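All values reported here derive from a predicted model rather than from experimental measurement. Position 1 is the first residue of the sequence; numbering continues from there. As the structure lists them, so they are numbered: ligands from 1, and atoms in each ligand from 1.
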Amino acid sequence: MTNPTDAPAPVTVIGLGLMGRALAAAFLANGHPTTVWNRTPDKAGELLARGAARTGSVEEAVRASPLVVVCVSDYHAVRELLDLPAGTFADRVVVNLTTGTSAQARETAAWAAQRGLAYVEGVIMAIPPDIATERAVLLYSGPEEAYRAHEATLRNLGPAGTVYLDADHGLSPLYDMSLLGIMWGILNSFLHGAALLGTAGVPATVFAPLAETMINVAAGYVTAYAPQIDAGEYPAEDATLAVHQGGLRHLAEESEALGVNAELPHFYRELVDLAIAAGHAGSGYAALIEQFRRPAA
Ligand SMILES: NC(=O)c1ccc[n+]([C@@H]2O[C@H](COP(=O)([O-])OP(=O)(O)OC[C@H]3O[C@@H](n4cnc5c(N)ncnc54)[C@H](OP(=O)(O)O)[C@@H]3O)[C@@H](O)[C@H]2O)c1
């Protein structure tokens with residue numbers, strides 16, 4: 001277990017793309033002896049100037065530190081890189097911060113277990129400039145003991161937002177996908193709204209502050225609906241699905257009349273139609289969870 005009063009522990013970073021370089025820079029800035037390896041060696045340049053050590057092979061990089069952080073494009077590359085001789089990973093913990101699905105994470109964990117490799121899965125809910133700031137959120141899953149042994153070092157990447165979730169390797173990627181889905185939902189709705197208002201000459205910059213207010217209001221609905229979803233009961237404490245259905249029809253009609261893409265409002269309306277057909281006209285919006293829990297018809 002790392003003691004916070006100990007000297008910063010050595011760490012290896014494999015993969016020096018935009019994100020990998022930000023990770024390595026954060027470790028270096030916090031005094032960790034940092035070894036790096038990248039397929040294209042040139043990308044290590046600035047990190048070497050800041051004190052990083054570069055190795056000529058992945059194997060040497062793994063042997064250099066007890067904690068090995070991997071951040072490359074995909075899981076195919078992760079497995080290719082970690083396919084090393086038996087014994088290379090003795091007393092090492094590999095933390096994979098490459099984005100993928102929960103199935104890929106679980107498969108890679110099983111693959112790692114066959115090689116005796118202590119493997120922790122992680123996801124980064126941040127862009128490279130936010131690494132090591134209060135805005136960075138990083139979620140981890142996998143063997144807790146392996147994670148805890150290096151938690152203090154990993155905390156450098158997200159001082160306020162480093163969270164251990166569960167022993168199931170698949171859980172952190174599943175959170176990643178669920179949270180990214182929220183981001184895309186908000187962004188697409190904002191862009192749709194900006195397109196609607198654009199037809200009346202309203203600049204997006206004028207729309208933005210009100211859009212932000214609406215996003216914050218909707219964040220309150222999330223808190224209110226979560227216990228309803230868990231309980232499987234959706235009392236209409238604010239508005240019924242029948243009322244939402246009317247509003248969504250207007251949104252679709254407005255979009256079509258103005259020549260704006262109407263697929264989003266039609267998709268939302270269709271979900272509400274299905275929920276109402278299933279007997280939820282008098283329920284609240286959270287009743288739509290039943291539509292999301294099954295594949296589209
Ligand atoms: N950038 C972000 O905002 C962000 C945010 C959250 C999560 N992530 C995740 O972080 C990971 C890296 O993203 P990035 O932005 O750093 O991407 P990137 O700038 O495109 O870098 C990709 C890295 O993967 C390496 N790589 C790809 N295929 C390889 C292979 N077959 N063998 C060895 N190395 C290989 C590249 O090496 P070369 O330099 O030799 O090409 C490079 O180091 C991705 O999984 C991404 O989803 C990124």
Note to self: So if I count the atoms of ligand 1 from 1 in the order they appear, which ones are less than 4.0 Å from some heavy atom of Lys43?
What the structure shows: 38 (P), 39 (O), 41 (O)

Margin query: Return the closest protein heavy atom for atom 6 (C) of ligand 1 as residue, atom name and distance.
Written below: Ile124 O, 3.3 Å

Next item on the list: Considering only NZ, NE, NH1 and NH2 on the basic side and carboxylate oxygens on the acidic side, decide whether Arg148 and Glu151 come within less than 4.0 Å.
Entry: yes

Notebook entry, point to check: When you measure from atom 7 (C) of ligand 1 to every protein heavy atom, which one gives the shortest distance, and what is it?
Noted result: Thr99 OG1, 3.6 Å

Check: Counting from 1, what ligand 1 atoms have a heavy atom of Thr40 closer than 4.0 Å?
Finding: 38 (P), 39 (O), 40 (O), 41 (O)

Notebook entry, point to check: Which of the listed options, Gly20, Pro129, Gly17, holds the heavy atom that is closest to atom 18 (P) of ligand 1?
Noted result: Gly17

Check: Is the backbone of Val123 close enough, under 3.5 Å, to the side chain of Ser172 for a donor and an acceptor to pair up by distance?
Finding: no

Margin query: Regarding ligand 1, does Gly15 bring an N or O atom to under 3.5 Å of one of the ligand's N or O atoms?
Written below: no

Notebook entry, point to check: Can you tell which of Val70, Leu18, Asn96 gets a heavy atom nearest to atom 15 (O) of ligand 1?
Noted result: Leu18

Notebook entry, point to check: If you draw a 6.0 Å radius around CD in Glu256, do more than 12 non-hydrogen atoms from other residues or ligands fall strictly inside?
Noted result: yes

Check: Hey, is the main chain of Tyr75 close enough, under 3.5 Å, to the side chain of Arg79 for a donor-acceptor pair?
Finding: no

Next item on the list: May I ask you to decide if Thr101's main-chain N or O and Gln104's side chain share a donor-acceptor pair within less than 3.5 Å?
Entry: yes

Next item on the list: Under 4.0 Å from a heavy atom of Thr98: give me the atoms of ligand 1 that qualify, with their elements.
Entry: 45 (O)

Notebook entry, point to check: Is it true that Ala22 lies under 4.0 Å from ligand 1, counting heavy atoms only?
Noted result: no

Item checked: His76 side chain to Glu80 side chain, donor-acceptor N/O pair below 3.5 angstrom -> yes

Notebook entry, point to check: By number and element, which atoms of ligand 1 are closer than 4.0 Å to a non-hydrogen atom of Ile127?
Noted result: 3 (O)

Note to self: Please check: side-chain N/O of His169 versus main-chain N/O of Gly142, any donor-acceptor pairing under 3.5 Å?
What the structure shows: no

Check: Do the ring centers of Tyr225 and Tyr234 come within less than 6.0 Å of each other?
Finding: no

Margin query: Evaluate Ala77 for polar contact with ligand 1, using N/O atom pairs at a separation under 3.5 Å.
Written below: no

Margin query: Hydrogens and angles aside, do Asn96 and Thr98 bring a side-chain donor and acceptor to less than 3.5 Å of each other?
Written below: yes

Check: Out of Val78, Val58, Val72, whose heavy atom sits nearest atom 25 (C) of ligand 1?
Finding: Val72

Next item on the list: Look up atom CD1 in Ile131 and atom CG in Asn156, then write down how far apart they are to the nearest 0.5 Å.
Entry: 11.0 Å

Check: Do any N or O atoms from the side chain of Thr34 and from the backbone of Ala52 form a donor-acceptor pair under 3.5 angstrom?
Finding: no

Check: CZ of Phe207 to CG of Leu191: how many Å apart, nearest 0.5 Å?
Finding: 9.5 Å

Notebook entry, point to check: Do Leu117 and Arg92 pass the side chain to side chain contact (heavy atoms under 4.5 Å, CB included) test, and can you show the C-alpha distance, the side-chain angles, and the key distance before you say yes or no?
Noted result: CA-CA 7 Å; Leu117 195 167; Arg92 263 86 198 112; over 6 Å; no

Next item on the list: From the options Asn38, Asp74, Val123, Val13, select the one whose nearest heavy atom is closest to atom 43 (O) of ligand 1.
Entry: Asn38

Notebook entry, point to check: Going by distance only, is there an N or O of Met19 that falls short of 3.5 Å from an N or O of ligand 1?
Noted result: yes

Check: Can an N or O of Cys71 be found at a distance shorter than 3.5 Å from an N or O of ligand 1?
Finding: no

Notebook entry, point to check: Taking both backbone and side-chain atoms of Leu16, is any N or O found less than 3.5 Å from an N or O belonging to ligand 1?
Noted result: yes

Check: Based purely on interatomic distance, does Arg39 place a nitrogen or oxygen under 3.5 Å from a nitrogen or oxygen of ligand 1?
Finding: yes

Notebook entry, point to check: Quick one: nearest non-hydrogen protein atom to atom 27 (C) of ligand 1, plus distance?
Noted result: Ser73 OG, 3.1 Å

Checklist line | Ligand-side contact atoms (ligand 1) for residue partner Pro128, heavy atom cut-off under 4.0 Å | finding: 1 (N), 2 (C), 3 (O)

Note to self: Please list, in number order, the atoms of ligand 1 under 4.0 Å from a heavy atom of Glu80.
What the structure shows: 31 (N)

Notebook entry, point to check: Among protein heavy atoms, which lies nearest atom 5 (C) of ligand 1, and at what distance?
Noted result: Ala126 O, 3.1 Å

